[in-house]
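Remarks on the structure that follows.
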Number of protein chains: 2
Amino acid sequence: MQLDNRKKEVLHAIVDDYVSTNEPVGSKSLIERHNFQVSSATLRNDMAELEHLGLIEKPHTSAGRIPSDKGYREYVNSLMTIDELSPREQLEIEKRIDTSVDEVTDLIKNATHTLSETTGFVSLAMSPRLKKSFLKQLKILMIEPGKALVVMVLSAGVVKDKVVRIPNFLSDEQIMKISGAVEKHLTGKPLDEITLVTVESAGKSTDVPEPLLKQVLYEAYAAIKQADELNIYLEGEHRMLSLPDFSSLGRARDLLGTLSDSGMVAGYVNEMENAAKEGGSDDSFMIRIGQEITLEGLDDCSFITATYNLTDSVSGNIGVIGPKRMLYSKVISQIDFVKKKLNKEMQRFT
Amino acid sequence: MQLDNRKKEVLHAIVDDYVSTNEPVGSKSLIERHNFQVSSATLRNDMAELEHLGLIEKPHTSAGRIPSDKGYREYVNSLMTIDELSPREQLEIEKRIDTSVDEVTDLIKNATHTLSETTGFVSLAMSPRLKKSFLKQLKILMIEPGKALVVMVLSAGVVKDKVVRIPNFLSDEQIMKISGAVEKHLTGKPLDEITLVTVESAGKSTDVPEPLLKQVLYEAYAAIKQADELNIYLEGEHRMLSLPDFSSLGRARDLLGTLSDSGMVAGYVNEMENAAKEGGSDDSFMIRIGQEITLEGLDDCSFITATYNLTDSVSGNIGVIGPKRMLYSKVISQIDFVKKKLNKEMQRFT
DNA sequence: TGTTGGCACTCGGAAGGTAAGAGTGCTAAT
DNA sequence: ATTAGCACTCTTACCTTCCGAGTGCCAACA
């Protein structure tokens with residue numbers, strides 16, 4: 001995209017003005033508000049050019065221009081500058097995140113909540129991708145005949161457990177034997193390398209009769225697999241209703257309808273993450289604008305996520321879904337700050 | 001409320017018509033749609049009377065009448081008849097609730113989801129009130145230096161746990177001692193009878209040095225208290241946006257804003273439950289209509305909940321928040337059916 | 001070649017005015 | 001107690017008009 005400097009400034013100004021006023025911006029008001037040393041007619045020529053390039057568009061013939069998805073994209077990629085949050089703002093966020101929690105999950109939820117409050121948009125976080133973390137402990141505890149609890153401690157400092165059904169007549173002792181054998185064989189293995197076969201071979205060394213053993217091992221395997229399932233935390237959906245961008249009930253309904261299917265959103269975030277990894281983009285933010293988002297009803301939204309790290313190999317995402325008419329630089333620095341705060345606090349757990 | 005038969009029929013008809021058409025109903029359309037053996041002028045007189053009694057009201061001078069909160073209340077209390085769901089509908093619900101889950105919590109979530117889908121409204125469920133359930137097992141497991149897991153098995157078939165911090169230099173053995181002592185003293189006690197004092201005295205019999213012991217016991221106590229905290233599950237908030245009753249963005253925003261504070265909703269449900277218990281109402285449904293609801297933004301809603309039972313003494317609530325312009329009898333039978341299904345499936349866990 | 005002033009043109013939105021329709025309350029008659 | 005009739009009210013939809021912001025283009029200019 002080869003734009004001369006003034007055209008860049010014009011696009012920049014249009015985005016800024018439109019974001020702050022929510023009105024299509026015309027050549028005249030552009031002159032009034034910014035210090036362009038040229039006349040409105042000149043800007044009109046520039047704007048016609050920008051429109052030709054698909055960076056801005058007009059809602060109808062006699063209105064000003066608004067940025068197109070492509071225009072926002074250009075703005076985000078090359079035009080905007082991101083500056084740090086002011087100390088005030090930083091303090092505000094630090095005050096909000098409650099870090100006196102005992103589990104990583106709570107910390108993430110807190111961060112998500114804070115992010116939604118500070119941005120005024122929908123925030124979301126994915127639970128850490130635990131596939132790459134390894135098993136530090138695994139215990140099967142007898143709860144009552146027919147019922148046991150599989151407790152797993154993972155390298156990332158996370159504890160997971162699951163109630164499982166076991167054959168009724170297994171004794172406490174037998175369970176302990178199995179538990180010990182499984183733990184011995186699996187400790188140190190990353191979750192994504194543990195398969196049903198691995199688990200079953202781990203149980204071989206016990207003298208528990210075959211079919212019973214097999215059932216317990218299967219349940220243990222299921223518990224392990226459940227441990228690396230991804231959760232998503234979404235917050236502040238209702239805030240979208242306060243934005244003029246969603247003052248049409250139809251849009252709002254489509255948006256919230258889609259967001260209510262959290263599994264679908266989680267899937268999309270995962271796709272984004274994978275695409276970013278493959279694309280080799282070392283940019284720390286993933287940004288999708290408007291129609292770039294393939295989820296239904298998010299045409300007027302932008303999706304911005306960052307990656308937090310629980311350990312070197314275990315990470316997750318945290319970010320925001322807002323109107324595409326947003327203060328990108330501000331929101332990005334807010335996400336960035338929350339992410340950093342999260343990374344720092346997470347060290348306590350690992 | 002002494003109403004002659006025809007007036008009752010008129011109110012009944014007005015509610016029915018208004019619920020199904022969402023239009024204020026006038027004397028003429030009332031005649032057309034129902035088999036009143038009198039003229040519209042007579043109905044007009046009756047309606048004037050009903051309005052005088054505060055049971056119906058008109059949005060403006062030249063419109064038909066709509067039921068007031070009091071009118072709905074009369075309808076719900078004395079006018080409507082509740083009939084069972086058709087076999088079709090029953091089947092539909094049974095098909096939807098996935099009962100192949102391992103934990104009570106998942107069952108409740110499933111039921112809530114189903115209820116929202118079948119009614120088309122917001123559904124909600126409270127987790128079981130575990131105060132009255134007693135401790136069957138309590139184990140403190142060492143995870144790593146400074147960190148332990150408190151696992152509790154409750155009489156209601158529920159397993160709860162919490163990661164807690166403990167002094168770094170406590171040994172595995174010491175923790176096991178404490179765990180054993182606490183379990184021995186507390187097993188069989190209902191949760192609401194366990195206090196910090198109880199827990200601390202339970203630890204006396206160990207030979208672990210005082211300040212360390214005290215910290216562990218405190219954490220154990222905190223874990224127990226956390227176990228009986230109430231959770232609320234809310235589903236389908238976005239469905240409200242599809243209802244004509246909330247086609248005004250302002251109303252919709254207020255409603256979803258309030259619902260987003262799940263703690264507040266949970267508190268309200270609890271209040272309702274307590275009020276019902278004190279009132280000695282043996283009615284199995286709690287119904288709040290319009291302004292009867294003290295939560296902000298729910299003026300146009302009705303709140304209907306029923307009580308499910310996990311055990312004799314452990315119960316929770318499940319229900320619906322919908323527009324007050326709803327098919328009460330249908331919704332009530334839907335909730336009733338889901339509740340019964342839930343009660344039945346829960347027996348598996350206890 | 002890029003910039004500028006000028007001007008005719010377009011279109012959406014606000015304002016105002018009218019007509020239709022549904023429903024009411026009241027009165028007088030049955 | 002019930003009914004027919006009628007004047008009155010109020011909302012809604014629809015039309016017309018008008019204003020202003022903004023555009024594109026042209027001819028003149030540096």
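Numbered from 1 within each chain, the chains take letters A, B, ... in sequence-line order.
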### Query
Between D:dC10, C:dT24, C:dT10, which nucleotide has the shortest distance from any of its atoms to the side chain of B:S27?
C:dT24

### Query
Looking for any heavy atom pair under 4.0 Å, which part of the strands does A:A63 touch: base, sugar-phosphate only, or nothing?
sugar-phosphate

### Query
Can a salt bridge be assigned to the pair B:K330 and B:E89 using a cut-off of 4.0 Å between side-chain N and carboxylate O?
yes

## Note on the structure
Per nearest nucleotide of DNA chain D, the residue lying toward the 5' end, A:S29 or B:A41, is B:A41

### Message
Can you confirm if the NZ or CZ of A:K339 lies within 45° of the ring axis of A:F285 and under 6.0 Å from the centre of its six-membered ring?
### Response
yes

## Note on the structure
When rounded to the nearest 0.5 Å, the distance separating CZ of A:F246 from CG of B:L241 is 12.5 Å

### Query
Which sits closer to the 5' end of DNA chain C, A:R6 or A:H60, going by the nucleotide each is nearest to?
A:R6

### Task
May I ask you to evaluate whether B:K58 reaches the phosphate of C:dA22, defined as a side-chain N or O under 4.0 Å from OP1 or OP2?
no

### Task
May I have the distance from B:D17 (atom CG) to C:dA22 (atom P), rounded to whole angstrom?
16 Å

### Query
Contact class for A:S40 vs. all strands (heavy atom < 4.0 Å): base, sugar-phosphate, or nothing?
nothing

### Query
To the nearest Å, how far apart are B:L30 CG and C:dA22 C1'?
14 Å

### Task
Establish, with yes or no, whether the OP1 or OP2 oxygen of D:dG24 is under 4.0 angstrom from a side-chain nitrogen or oxygen of A:R65.
yes

### Message
Quick check for you: among C:dG6, C:dA22, C:dC26, whose closest atom lies nearest to any side-chain atom of A:R44?
### Response
C:dG6

### Query
Over how many whole Å does the gap from B:N45 atom CG to D:dA4 atom P extend?
13 Å

### Query
Which nucleotide in the list D:dT23, D:dC6, D:dT3 gets nearest to the side chain of B:V38?
D:dT3

### Task
Using a strict cut-off of less than 4.0 Å between a Lys/Arg side-chain nitrogen and an Asp/Glu carboxylate oxygen, indicate whether A:K7 and A:D4 qualify as a salt bridge.
yes

### Task
May I ask you to decide whether A:E51 forms a salt bridge with A:R65, counting only side-chain N to carboxylate O separations under 4.0 Å?
yes

### Query
Considering heavy-atom distances to DNA chain D, does A:K28 or B:T42 have its closest nucleotide positioned more toward the 5' end?
B:T42

### Query
Taking OP1 and OP2 of D:dT9, is either one under 4.0 Å from a side-chain nitrogen or oxygen of B:T61?
no

